[in-house]
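The structure under discussion appears below in the form of structure tokens.
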Amino acid sequence: MPNAAKLLAALGLAALGWIISDMIRPLVPFSVDFGYFNYVNAGLGALVGWLFLGRRAGDGLTSAINNGITSAVAMVVLGVLVQGTNEMVRLSFARRYDTPLEAIAAIFEKSIDYGLILGDMPLILTLLGGAIAVALVVEIAGRRWR
């Protein structure tokens, strides 16, 4: 059922996904055509916000902080898996893999490579701080508008 908490969570984490995507661009050491990178990550943020963070609003401030951190981790895991899958598909069309199993294994290899790029401290602090801030706003909205 749609409510204000889910809407605010989706919008907040979508904005956070966009900001984090912009922070990732200079960290990539190789030339990459980012394409829909920001849009995909904002969409994943909206999905995590609507399905996870917004659903858990109204349980108290401690739970809100924990849910914010968990939402940030979920966004990162989904993001690197989606971007790894996208890269695998791109390389598959270039005929880089001999077997389907090799292509599936490449998803996780690429995801790990992308995950290592995310080890930048300002990026981590922005991600966690933004997710906690969004979670606190969602908690307030969940209490105010039921």
Side-chain angles (χ1 to χ4, degrees), residues 2-139 141-142:
N3 59 26
K6 286 183 178 183
L7 178 64
L8 285 175
L11 292 176
L13 288 185
L16 182 63
W18 189 278
I19 292 167
I20 294 300
S21 296
D22 280 341
M23 291 179 71
I24 291 171
R25 287 177 185 256
L27 299 176
V28 177
F30 40 87
S31 65
V32 173
D33 178 23
F34 284 98
Y36 293 109
F37 182 70
N38 284 35
Y39 296 103
V40 169
N41 290 335
L44 290 173
L47 185 71
V48 169
W50 186 273
L51 294 177
F52 180 78
L53 185 58
R55 182 180 292 171
R56 288 165 175 77
D59 292 337
L61 292 179
T62 304
S63 292
I65 292 170
N66 291 335
N67 292 334
I69 293 170
T70 305
S71 296
V73 171
M75 278 177 51
V76 168
V77 169
L78 279 175
V80 296
L81 283 173
V82 166
Q83 299 302 334
T85 303
N86 182 39
E87 182 67 12
M88 181 276 298
V89 168
R90 187 186 69 79
L91 293 174
S92 291
F93 284 128
R95 305 245 185 227
R96 298 277 174 98
Y97 305 116
D98 295 328
T99 64
L101 189 58
E102 186 180 349
I104 292 172
I107 293 173
F108 299 104
E109 292 171 7
K110 296 295 180 185
S111 296
I112 290 170
D113 291 341
Y114 291 148
L116 293 176
I117 294 171
L118 301 177
D120 187 49
M121 190 53 69
L123 180 78
I124 293 170
L125 292 176
T126 303
L127 180 65
L128 291 177
I132 290 171
V134 169
L136 292 175
V137 169
V138 168
E139 177 65 25

For Asp22, enumerate each residue passing the side-chain hydrogen bond (donor to acceptor under 3.5 Å, both in side chains) test, keeping only those at least two apart in sequence or located in another chain.
Trp18, Asn38
Nearest atoms (heavy-atom pairs only) where Gly49 meets Ala9
O-CB, 3.2 Å
Quick one: pull up CG in Leu16 and CG in Leu44 and give me the separation to the nearest 0.5 Å.
12.0 Å
Applying salt bridge (Lys or Arg N to Asp or Glu O under 4.0 Å), name anything that partners Arg96, two or more places apart in sequence or on another chain.
none
Could you name each residue pair satisfying salt bridge (charged side-chain N to carboxylate O under 4.0 Å, His left out) that touches residues 63-91, not counting sequence neighbours?
Glu87-Arg90
Trp50: which residues meet the side-chain hydrogen bond (donor to acceptor under 3.5 Å, both in side chains) condition with it, sequence neighbours left out?
none
Can you pull out every side-chain hydrogen bond (donor to acceptor under 3.5 Å, both in side chains) where at least one residue sits in residues 122-139? Sequence neighbours excluded, please.
Glu139-Arg143
Leu51: partners by side-chain contact (heavy atoms from CB on, under 4.5 Å), with sequence neighbours left out
Leu47, Arg55
Atom of Ala103, atom of Met88 and distance for their closest heavy-atom approach:
O-CG, 3.0 Å
Go through the steps for Ile24 and Leu123 under the test side-chain contact (heavy atoms from CB on, under 4.5 Å), then give the verdict.
CA-CA 8 Å; Ile24 291 171; Leu123 180 78; 3.9 Å; yes
Taking atom CG of Leu125 as the centre, report whether more than 12 heavy atoms of other residues, nucleotides or ligands fall under 6.0 Å from it.
yes
Who passes ring pair (Phe, Tyr, Trp, His ring centres under 6.0 Å) against Phe108, sequence neighbours left out?
none
The ring pair (Phe, Tyr, Trp, His ring centres under 6.0 Å) partners of Phe52 (sequence neighbours excluded) come to none
Show the atom names and distances, to 0.1 Å, of all donor-acceptor pairs under 3.5 Å that link a side chain in residues 127-135 to residues at least two apart or in another chain.
none

Per the side-chain hydrogen bond (donor to acceptor under 3.5 Å, both in side chains) rule, what does the pair list look like for residues 99-111, sequence neighbours excluded?
none
Reported CD1-to-CD1 distance for the pair Ile112 and Ile107, which is rounded to 0.5 angstrom
12.0 Å
For Asp120, all residues meeting salt bridge (Lys or Arg N to Asp or Glu O under 4.0 Å), sequence neighbours excluded:
none
What donor-acceptor contacts under 3.5 angstrom involve side-chain atoms of residues 61-84, with partners at least two apart or in another chain?
| residue | atom | partner | partner atom | Å |
| --- | --- | --- | --- | --- |
| Asn66 | ND2 | Thr62 | O | 3.3 |
| Asn67 | ND2 | Ser63 | O | 3.0 |
| Thr70 | OG1 | Asn66 | O | 2.8 |
| Ser71 | OG | Asn67 | O | 2.8 |
| Gln83 | NE2 | Asn41 | OD1 | 3.4 |

Could you tell me which non-hydrogen atom of Tyr97 sits nearest to which non-hydrogen atom of Ser92, and how far apart they are?
CD1-OG, 3.4 Å
